[in-house]
Amino acid sequence: MGARFGSVGRTVGRVSWVFRLALVIGAGALLVTSVVAGIAPRLWRIANAHSEVPIELPEFLSLAQRTYIYDANDNEIGIYELENSQPVPLSDVPPDVIEAFLAVEDQQFWLHDGVNVRSLFRATLSSFATDSAQQGASTITMQVVKNDFLAGFDRDGRYKLLQIVYARRLEREKTKQEILERYLNTVFFGNNSYGIAAASETYFGKTAADLTFIEAAFLAGLVQSPSGHDPIRNPERSRTRFQIVMDRLVEGGYLTEEEALDEMATFVLPERTKRLATRVTERTYYSEALREYLLNRSDILGETYQERYGKLFRGGLRIHTTLDADLQVAAEQARNELPANAQGFDAALLSLDTKSGAIRAMVGGRGFVPGRNEVNLALAPSQTGSSIKLFILAAAVQAGAEPADMIDGTRGCKLPTGNPNDPVFQITGGVSGGLFSLREQTYRSVNCAFARLSQIVGLNRMVDTTYRMAASPYLYRGQPAEDHRPIEPFASFATGANEMSPLDMAAGMQTIANEGVHQQPYYVEWVDDAEGNRIYTHESEGTQELDRDAALTTIDLMKDVLTRGTARRELADFAEIRPAAGKTGTQDSNTTAWFVGATPYLSTAVVVRDPDRYTEMNGIPEFQAAGVSKVQGGTFPARIWDAFMTPAHQFEPITDWPEAPAPSRPAVRLYLPGTECLYRLVGYQPAPTLAPPEAPAEDISERQGVLAPQSAPETTAPPTGTTLPPAAPP
């Protein structure tokens, strides 16, 4: 009985199981039928869309590429990029690296037609079984389709169907090699790295050609989840993922279990992002200035900002600049002649090629530090002190003044301002010059003499001459005041009331040193696009802003500044070896100090100041220890200029300018109508010898005190109004 009932129970159980199975199959069939009936029309339209209207995949878009910057000797000095993308041809990727990626990402790549049906089915079943995606189903071709053609699409059923259809179409339109190359150059690896070359550099500090098989397999393992498997931020999850990759290589027969264990034990996860050892990526004063120039002050890269931005950061350009790396090193070392100090005083230097205007060196301060020390003092306007006199001198000589002409420099001069609310400008500081020649007033840097001279020449003419001599994308008429305050015809022009940057001052000096021909300062010699096509070449004939004879006379006058004037203490030795001309400058209360000078090769401006511009540089302990109690143009600025210019010329032959022309007329007395009485000047006799200066005799730089004047030459009666032709406002 028991056996019978047991047999019956087993029979009933089998029938029950069969019945339940039949119910499940029936229910499933009904479900499938209803689903198919509901979506069949839509599936039919999608599936047959390619036959109704042929699918034409667009061409691959050009890949974003980093732009490379080179110095004048073709050394790489920087890069510009948004995405770290460095496309390489497939032929430059080692076979082992390719094999590692295929082993991890798509073992059937060479066999399928864009879709691996078996993997897709397996992944679908796995997803149903676990209610989450556990296995990847996308082939490399499907990933290319996703990145290139389906970005921004909703991830729904239609998305996957389109991905499959597009992948098969892509396999018919492109070769396997083209698809694989596109994949390796576009896939994202995390840490702003797109493509195998960028990932190789970021994680291993090497090129794709130098990757090992295991390193390539590690990178392939990042593709599934670049942020989740990031070895720098998530090392534990990254190592777990690497273990899965090793297991897959063992399963595929690429490694034995022993080899995989050895690799897991010895492989070191990347701990920080890297760059190639030969690559310079740090931001500098120069690279930041070049970027700003290319985006905002030049149309070299395009007519619109958007076009320029795209080319600079994604265009893969090769920009060959004017920067001389050797001169840049010399400039940075020279800047260190200014001792470190608690007050934050700093020095900047900018040097131009005298003949071409090319920017050869730029030091904006003690060092560019993103977010902390970014102010580029080489481009920042400052009050100029007496260094502005180089423009006054050039304009006066251009207007007809001769070196032997006499002009009064007695301190305490009162000059008209043209402003009814403040009609008189009085100078009470600086050197008291008495009646000296223009040559002597120049090398002694006498304020009252040059203040009178600027008004004799005409303040409007002074402004116009300065704009023309120093013209650049950083200084021009009509410039927005927020970019650069306009140069004004102030009575205080000669004492530095207008602000100029080292670039402005070097540009003005370049005009004089280049025998009157002005070349606008520039950064770029030529630019090639990503394909090697030349898209820009710098060309400029310059403009003759000063007569050649006037420029040579001005040079001759400013040579004395180095040999017996305000810069002689620091620069007399330099001038004994190499012909050079220049001008010192010290702003009131020693808040800013300058030296601007040139040789036939380089025109260089140096400024010393604090970032706020108005702190007095007197009695600074660190400076006193270096022998400087008051910072003036003839101290640290001249010292830094010498420390740069001496090594900068070590391989250049000693060259002088042509001799200045002889005077075209006898010397005359220059006077300013309305402030000096004409009848007293005709037949003017030499002034009596004055008391010796109170300042030390070896330091005659822009000090209080007077010097004994030289004998005044015989003068001719000046014409009515002024001794120089008047100038109308421009």
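For the single chain, residues carry numbers from 1 onward in sequence order. This is a predicted model, so every value here is computed, not measured.
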Arg578 side chain to Thr599 side chain, donor-acceptor N/O pair below 3.5 angstrom: no
I'd like to know whether Asp464 forms a side chain to side chain contact (heavy atoms under 4.5 Å, CB included) with Arg477, so could you lay out the CA-CA distance, the side-chain angles of the two residues, the decisive distance to 0.1 Å, and finally the verdict. CA-CA 9 Å; Asp464 179 65; Arg477 282 195 175 277; 3.8 Å; yes
Looking at Asp324, is its backbone amide N or carbonyl O close enough to the side chain of Asp326 to form a donor-acceptor pair, meaning the two atoms are under 3.5 Å apart? no
Among residues at least two apart in sequence or on other chains, which ones pass ring pair (Phe, Tyr, Trp, His ring centres under 6.0 Å) with His649? Tyr601
Just jot down the ring pair (Phe, Tyr, Trp, His ring centres under 6.0 Å) partners of Tyr293, sequence neighbours excluded, or say none. Tyr523
Which one of Val524, Leu323, Thr322 satisfies the side-chain contact (heavy atoms from CB on, under 4.5 Å) criterion with Leu290? Val524
Please enumerate all residues that pass salt bridge (charged side-chain N to carboxylate O under 4.0 Å, His left out) together with Glu545, with sequence neighbours excluded. Arg468
Whether Asp405 side chain and Glu402 backbone form a donor-acceptor pair below 3.5 Å: yes
When Lys389 is tested against each of Thr384, Thr584, Asn447 for side chain to side chain donor-acceptor pair (under 3.5 Å), which residue passes? Asn447
Sequence neighbours excluded, which residues qualify as ring pair (Phe, Tyr, Trp, His ring centres under 6.0 Å) partners of Tyr522? His538
Using distance alone, with no hydrogens and no angle criterion, decide if Asp610 and Thr615 have a side-chain donor and acceptor under 3.5 Å apart. yes
Selection residues 501-526 - residue pairs positive for salt bridge (charged side-chain N to carboxylate O under 4.0 Å, His left out), sequence neighbours left out: Glu515-Arg548
When rounded to the nearest 0.5 angstrom, what distance separates CG in Asn460 from OG1 in Thr465? 10.5 Å
Tell me, which pairs form a ring-ring contact (aromatic ring centres under 6.0 Å, His included) where one or both residues lie in residues 445-474, sequence neighbours left out? none
Start with the C-alpha distance between Val463 and Glu488, add both sets of side-chain angles, then the distance that settles side chain to side chain contact (heavy atoms under 4.5 Å, CB included), and finish with yes or no. CA-CA 7 Å; Val463 170; Glu488 302 284 3; 5.8 Å; no
Between Thr604 and Leu349, does a side chain to side chain contact (heavy atoms under 4.5 Å, CB included) hold up when you go through it step by step? CA-CA 7 Å; Thr604 303; Leu349 180 152; 3.8 Å; yes
Donor-acceptor pair between Asp547 and Gln398 side chains, under 3.5 angstrom: yes
Candidate pair Leu377 and Val375, rule side chain to side chain contact (heavy atoms under 4.5 Å, CB included), full reasoning: CA-CA 6 Å; Leu377 297 182; Val375 176; 3.9 Å; yes
Gap between atom CG of Leu379 and atom CG of Leu503 - 0.5 Å precision: 6.0 Å
Taking only residues at least two apart or on different chains, which pairs with a member in residues 425-475 satisfy disulfide bond (SG atoms under 2.5 Å apart)? Cys413-Cys448
Sequence-distant partners of Trp641, ring pair (Phe, Tyr, Trp, His ring centres under 6.0 Å), two or more places apart: Phe574, Phe595
Residues 554-562, side-chain donor-acceptor partners within the protein, below 3.5 Å, at least two apart:
| from | atom 1 | to | atom 2 | distance (Å) |
| --- | --- | --- | --- | --- |
| Thr554 | OG1 | Ala550 | O | 2.8 |
| Asp556 | OD2 | Arg439 | NH1 | 3.4 |
| Asp556 | OD2 | Arg439 | NH2 | 2.6 |
| Lys559 | NZ | Asp656 | OD1 | 2.9 |
| Lys559 | NZ | Asp656 | OD2 | 3.3 |
| Asp560 | OD2 | Arg439 | NH1 | 2.9 |

Write out all pairs satisfying salt bridge (charged side-chain N to carboxylate O under 4.0 Å, His left out) with one or both partners inside residues 346-362, taking only residues at least two apart or from two chains. Arg335-Asp346, Asp346-Arg366, Asp353-Arg360
Which residue pairs satisfy the salt bridge (charged side-chain N to carboxylate O under 4.0 Å, His left out) criterion with at least one member in residues 625-640, sequence neighbours excluded? Glu570-Arg639
Just by distance, with hydrogens left out, do Ser540 and Gln520 show a side-chain donor and acceptor under 3.5 Å apart? no
Other residues, nucleotides and ligands only: do more than 12 of their heavy atoms fall within 6.0 Å of CZ on Arg485? no
Please check if atom CD in Gln650 has more than 12 non-hydrogen atoms from other residues, nucleotides or ligands closer than 6.0 Å. yes
Among pairs that include at least one residue of residues 377-386, which meet salt bridge (charged side-chain N to carboxylate O under 4.0 Å, His left out), considering only residues two or more places apart or in two chains? none
Specify the closest pair of heavy atoms between Ala470 and Met500, including all atoms of both residues, with the distance to one decimal. CB-CE, 4.3 Å
I would like to know whether Phe636 and Phe623 meet ring pair (Phe, Tyr, Trp, His ring centres under 6.0 Å); could you show each step before the answer? CA-CA 9 Å; Phe636 286 127; Phe623 296 168; 5.0 Å; yes
Check whether the side chains of Thr566 and Ser445 place a donor and an acceptor atom closer than 3.5 Å, and report yes or no. no
